[in-house]
2 protein chains.
Amino acid sequence: MPTETKKYTDKQELIAKFSNALGHPVRVAILQQLSKQSCCFHGDMAEVLPIANSTLSQHLKVLREAGLIQGEIDPPKTKYCINKENWNLAKGLMIGFFD
Amino acid sequence: MPTETKKYTDKQELIAKFSNALGHPVRVAILQQLSKQSCCFHGDMAEVLPIANSTLSQHLKVLREAGLIQGEIDPPKTKYCINKENWNLAKGLMIGFFD
DNA sequence: ATTTATGTTCGTAAATATACGAACAATATT
DNA sequence: AATATTGTTCGTATATTTACGAACATAAAT
């Protein structure tokens, strides 16, 4: 049994987690692009975004770990897509949050 | 004239800024409380939240600087309220973002 | 003029985030 | 087998975030 007292509700933690993922403009840009066309390749994004390739990988990892996107390797390219289930979860939480 | 190229759109920067403010569960909790009852005192929040008083001040400052709340001193207490204009702006941006 | 109540600011420590290039991995092509 | 293409991971530097207690500020009450 957990002796640790939870400090925040699951919902609060989730809202914070998703919001955190949206907390950098380049990640907002990435998600806008992905949600517009559902999927796209790392390389396509790298051409447009003002950051190094390795930095893009890091941001994609943040979004992946927050559950908002998922990647699949299609060598030598990598295709990233919105994770629709979590996207909708986030959408619902944010709408609920703002009333 | 600005020689600096803007890297992101104003909308992307705004979404990131507001999201960033929501990126910590205690700030989510604070905003939930404030949006439920419109205003409340620092002390009332401090009683409920699992952080030191000084830490609460810091988080309130983050929310204030993001424009989501505003504080007014009513000595010796400080009353914080939702900044409705920016709250609605954020709401619209987030809803638009998630389609 | 002290003391009390309520928050804020300061100093500081530890953790996390952001950025880049170099090195690496995996596959396709030559 | 060697090369080229595409991304990821590693190493690293710098900046920001988060947290706390101590010190400070302000006004009311004694």
Side-chain angles (χ1 to χ4, degrees), chain A residues 4-8 12-31 33-34 39-81, chain B residues 4-8 12-31 33-34 39-81:
Chain A
E4 26 138 357
T5 310
K6 264 194 93 261
K7 293 185 172 182
Y8 306 103
Q12 286 165 344
E13 298 272 13
L14 264 182
I15 291 173
K17 186 181 78 169
F18 288 132
S19 295
N20 217 28
L22 300 186
H24 190 294
V26 80
R27 293 198 292 266
V28 172
I30 290 168
L31 289 172
Q33 179 68 15
L34 282 177
C39 287
C40 72
F41 292 101
H42 178 122
D44 299 338
M45 298 189 264
E47 279 178 5
V48 179
L49 299 172
I51 54 176
N53 225 298
S54 55
T55 306
L56 175 56
S57 272
Q58 278 187 323
H59 284 294
L60 289 168
K61 188 176 179 182
V62 170
L63 291 173
R64 202 167 2 92
E65 288 177 352
L68 289 172
I69 67 173
Q70 56 205 93
E72 54 181 271
I73 51 176
D74 180 12
K77 300 191 166 196
T78 308
K79 187 171 68 173
Y80 282 98
C81 307
Chain B
E4 26 140 355
T5 309
K6 263 193 92 260
K7 293 184 171 181
Y8 306 103
Q12 286 164 345
E13 299 271 13
L14 263 182
I15 291 173
K17 186 181 78 169
F18 288 132
S19 295
N20 217 27
L22 301 185
H24 191 293
V26 79
R27 293 198 292 267
V28 172
I30 290 167
L31 289 171
Q33 180 69 12
L34 283 178
C39 287
C40 73
F41 291 101
H42 178 121
D44 300 337
M45 298 189 266
E47 278 178 5
V48 179
L49 300 171
I51 54 176
N53 225 298
S54 55
T55 307
L56 175 55
S57 273
Q58 278 186 325
H59 283 294
L60 289 168
K61 188 176 180 183
V62 170
L63 292 172
R64 201 166 2 92
E65 287 177 352
L68 289 172
I69 67 173
Q70 56 205 92
E72 55 182 271
I73 52 177
D74 179 12
K77 299 193 168 195
T78 309
K79 186 171 69 172
Y80 281 97
C81 307

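Residue numbers begin at 1 in each chain, while the letters A, B, ... track the order of the sequences. Note: hydrogens, waters and symmetry copies are ignored here, and every other heavy atom, side chains too, is used.
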Inset, instruction - Answer yes or no: side-chain N or O of B:T78 and base N or O of C:dG7 forming a donor-acceptor pair under 3.5 Å. - result: no
Inset, instruction - State which of D:dC20, C:dG7, C:dG21 makes the closest approach to the side chain of B:A52. - result: D:dC20
Legend entry - Nucleotide nearest A:T55 when distance is taken to its side chain, options C:dT18, C:dC20, C:dT8: C:dC20
Inset, instruction - Quickly work out the A:H42 NE2 to C:dT27 P distance and round it to whole Å. - result: 18 Å
Inset, instruction - Would you kindly compare B:P76 and B:S54 by the position of their nearest DNA chain C nucleotide and give the one closer to the 5′ end? - result: B:P76
Inset, instruction - Over 60° means perpendicular and under 30° means parallel, so classify the ring planes of A:H24 and B:Y8, tilted if in between. - result: perpendicular
Legend entry - Gap between atom CD1 of A:I30 and atom NE2 of A:H42 - 0.5 Å precision: 9.0 Å
Inset, instruction - Rounded to the nearest angstrom, tell me the gap between atom NZ in B:K79 and atom P in C:dT6. - result: 17 Å
Legend entry - Protein-nucleotide distance (B:F41, atom CZ; D:dA27, atom C1'), rounded to Å: 15 Å
Legend entry - A:H24 side-chain proximity, nearest of C:dA19, C:dT8, D:dT9: C:dA19
Inset, instruction - Using the side-chain contact (heavy atoms from CB on, under 4.5 Å) rule, pick out the option among B:L14, B:N20, B:I15 that qualifies with B:F18. - result: B:L14
Legend entry - pair A:L34-A:C81: side-chain heavy atoms closer than 4.5 Å: no
Inset, instruction - Assign B:I51 to base, sugar-phosphate, or nothing according to its heavy-atom contacts below 4.0 angstrom with the strands shown. - result: sugar-phosphate
Inset, instruction - Can you tell me the distance, in whole Å, between the CD atom of B:E72 and the P atom of C:dT8? - result: 13 Å
Inset, instruction - Output all residues satisfying side chain to side chain contact (heavy atoms under 4.5 Å, CB included) with A:K7, sequence neighbours left out; order by chain, then residue number. - result: B:P50
Inset, instruction - Write down the distance between CD1 (B:I30) and P (D:dT18), rounded to a whole number of angstrom. - result: 11 Å
Legend entry - Euclidean distance, atom CG of residue B:L49 to atom P of D:dA19 [Å, nearest integer]: 11 Å
Inset, instruction - Report yes if the side chains of B:M45 and B:L60 come closer than 4.5 Å at any heavy-atom pair, otherwise no. - result: yes
Inset, instruction - Output the single nucleotide from C:dA22, D:dA22, D:dT17 whose closest atom is nearest the side chain of B:N20. - result: D:dT17
Legend entry - Stretch residues 57-67 of chain B: residues that reach within less than 4.0 Å of DNA chain D through a heavy atom: B:Q58, B:H59
Inset, instruction - Check every atom of D:dT8, C:dT6, C:dT8 against the side chain of B:K77 and return the nucleotide holding the closest atom. - result: C:dT6
Inset, instruction - Using a 4.5 Å cut-off on heavy atoms from C-beta on, say whether the side chain of A:I51 contacts that of A:H59. - result: yes
Inset, instruction - Measure from CG on B:N53 to P on C:dT6 and round the result to the nearest Å. - result: 10 Å
Inset, instruction - Ignoring backbone atoms, establish whether A:Y80 has a side-chain N or O less than 4.0 Å from OP1 or OP2 of D:dT8. - result: yes
Legend entry - Distance, rounded to the nearest Å, where A:D74 contributes CG and D:dG7 contributes P: 10 Å
Inset, instruction - Nearest-nucleotide wise, let me know which of A:K7 and A:L56 is further upstream toward the 5' end of DNA chain D. - result: A:L56
Legend entry - Name of the residue among A:I69, A:L68, A:L22, A:V62 meeting side-chain contact (heavy atoms from CB on, under 4.5 Å) with A:R27: A:V62
